[in-house]
Amino acid sequence: MIRIGCGNSENYKVNFYFKDESDLKELSVNIREIFGGEYLQSVFLAKENGTMSLLMGLGTEITDRLQIKELSAKAVKQLKLYKIKSFSMDIEKIISAYGIDCIRDITEGLMLGCYEQIKFPEHKWEEFEITLTGIIEKETEAAEFLLNETIPVIEGVRFARDMVNLPGNRLRPAEFAKEIKIFLNHTGVQVELFDFAKIKEMGMGGLAAVGESSEYPPCFLILRYLADPNNKEITALVGKGVTCDTGGYCLKPAASMLGIKGDMAGGAAVTGAIYALARNKVKTNVIGLIPICENRISPGSLLPGDVITSYSGKTIEVINTDAEGRLILADTIAYAAANEKVTRVLDIATLTGAVVNMLGFSVAGVVTDSQEFFEEFRSAYKRSGERYWRLPVYPEHEKMIKSKIADIKNVGEKYCGTITAGLFIKAFANGLPWLHIDIAGTAWVDSPIFEYQSQGATGAGVTSIYYLCNTNRSGDRKEK
Ligand code: BES
Ligand code: ZN
Ligand code: ZN
């Protein structure tokens, strides 16, 4: 629980210091020998009256609000090390340097810094009690507003992390669908579920073919949040929901297998974002569509060389059974374009290893044919602080996925795999403005890059999608 407070009654306090003589002068010479206010430096200090302070360094200046998020996360992580669960944090210096809007970054950092992944057999999540002090009276209302808006957004991120962190045997397709339903309970989001029989009956040939590979059947979720009836714009948010991707008959090598439980990060991100939009009653129209299945080996599994017929009627030559994500996304996007009156499509997926080779673990790839859509997404990710990079698309890339025996094939040539994967999906968008996000590199970190991450799932995409659909805000982050 985070609250805006006043007073200084807490036994444990966090105090920030700039790396600046005049700011540090209240500290004793002894302390200044070990604490100079370096960015992210932290030192515990016991006071004579029995209280404890955690001194946190701000560095010479705050140039990017992401730093505030990191600082808050680091503070909570330090306190957690000593099992301190209740403390106050004096944010006066941060607010004077960066304005009241940074309550958002502070809240994000605090809520993500204390995140813990589910541990088996039992998970005891202990919430923190944090009081933010140093806010002047006339800004408390604004601070409350920002705090209350940010909490559901980060709950969405934490949900996405939880889902990705869950082992494959604890999150079969039906269980993933159930978790999503439960999470969206009482939010006003309407949830519809198609079972395997319905998927086959509808002619979703890609999802049926991949889903056939497992004894745990596939399903398909539609999440409708239509809160702006006078606006005809409806954004489809499509998220890959492969709860376990072994590669199928094109089996992944053992060393690549550990991350396969996280192949539903796109679906989890879509859910997290829609949850936050609904909880904050944002005036917008979105429809989430999540194809959910496993990609495994069974007598009925897809084989390389097979030709399947997708929902759109287009035939697909399956070159590689490990390129399963695009097969299920193709059906989903075609379904959205044909049945849901959507006016643009965003899809998010852990789609290619190629994006990891290209951009690493902190930058996700974007493929789109719409400059306008990209500009909107760009201003959204500037707000969230996530990093993205748009890749080029040209007709020669499209040629790479032409098939001799079907309308299209699911793998291109050896190179530019992220671009061809994106273009494969585009072929099913029926001409709607479309934007594809490949989070194969950013959905998971083995060693955290930023303080607000912990080993495992990151919750990639939730905040950027939220801000894309909620444009009534100020406060873009500075361009780097
Ligand atoms: N889910 C994987 C992509 C992936 C790779 C996610 C690494 C997370 C980390 C996807 O289904 C896949 O296997 N893609 C193949 C495509 C290839 C066969 C054309 C890949 O990138 O190797
Ligand atoms: Zn795969
Ligand atoms: Zn996959």
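Values reported hereafter were calculated over all heavy atoms of this structure, with side chains retained and with hydrogens, waters and symmetry mates removed. Numbering of ligands and ligand atoms starts at 1, following listing order.
Taking a cut-off of under 4.0 Å to the non-hydrogen atoms of Asp263, the atoms of ligand 1 that pass are 1 (N). Listed by number with element, the atoms of ligand 1 under 4.0 angstrom from any heavy atom of Asn320 are 18 (C). Under a 4.0 Å criterion applied to the non-hydrogen atoms of Glu324, ligand 1 contributes the atoms 11 (O).
Salt-bridge check for Glu215 with Arg296: failed, with every basic side-chain N at 4.0 Å or more from each acidic carboxylate O. Taking 4.0 Å as the cut-off between side-chain N and carboxylate O, Glu192 and Arg224 count as a salt-bridged pair. Salt-bridge formation is detected for the pair Glu294/Arg172: a Lys NZ or Arg NE/NH1/NH2 atom is positioned less than 4.0 Å from an Asp or Glu carboxylate oxygen. Between Glu317 and Lys404 there is no salt bridge, since no side-chain nitrogen of the basic residue lies less than 4.0 Å from a carboxylate oxygen of the acidic one.
Side-chain contact check for Asp306 and Tyr249: no donor-acceptor pair (N or O, by modelled atom type) lies under 3.5 Å. Tyr466 and Asn280 form a side-chain donor-acceptor contact under 3.5 Å, judged by distance and modelled atom types alone. Between the side chains of Ser310 and Ser312, at least one donor-acceptor pair of N or O atoms lies under 3.5 Å. Side chains of Asp228 and Asn285: a donor-acceptor N/O pair is absent below 3.5 angstrom, by distance only. Inspection of the Thr458 and Gln453 side chains reveals no N or O donor paired with an N or O acceptor under 3.5 Å.
Annotation: atom 19 (C) of ligand 1 to nearest protein heavy atom, Val411 CG2, 3.6 Å. For atom 10 (C) of ligand 1, the closest non-hydrogen atom on the protein side is Leu351 O, 3.3 Å. Counting protein heavy atoms only, atom 12 (C) of ligand 1 is closest to Asp322 O, 3.2 Å. Nearest protein neighbour of atom 7 (C) of ligand 1, counting heavy atoms only, is Gly353 CA, 4.2 Å. Here the protein heavy atom with the shortest distance to atom 2 (C) of ligand 1 is Asp245 OD2, 3.5 Å.
For Lys240, every heavy-atom contact with ligand 1 shorter than 4.0 Å involves the side chain, none the backbone.
Within the structure, side-chain hydrogen bond (donor to acceptor under 3.5 Å, both in side chains) pairs that include any residue of residues 194-210 do not occur (at least two apart or interchain).
Contact annotation: Arg326 has at least one heavy atom less than 4.0 Å from an atom of ligand 1.
For atom 6 (C) of ligand 1, the nearest non-hydrogen atom from the set Gly248, Ala265, Ala440 comes from Ala440.
With ring centers used as reference points, Phe159 lies 6.0 Å or more from Tyr275.
Here the Zn ion (ligand 3) has protein N, O or S atoms under 2.8 Å from it, and they come to 4.
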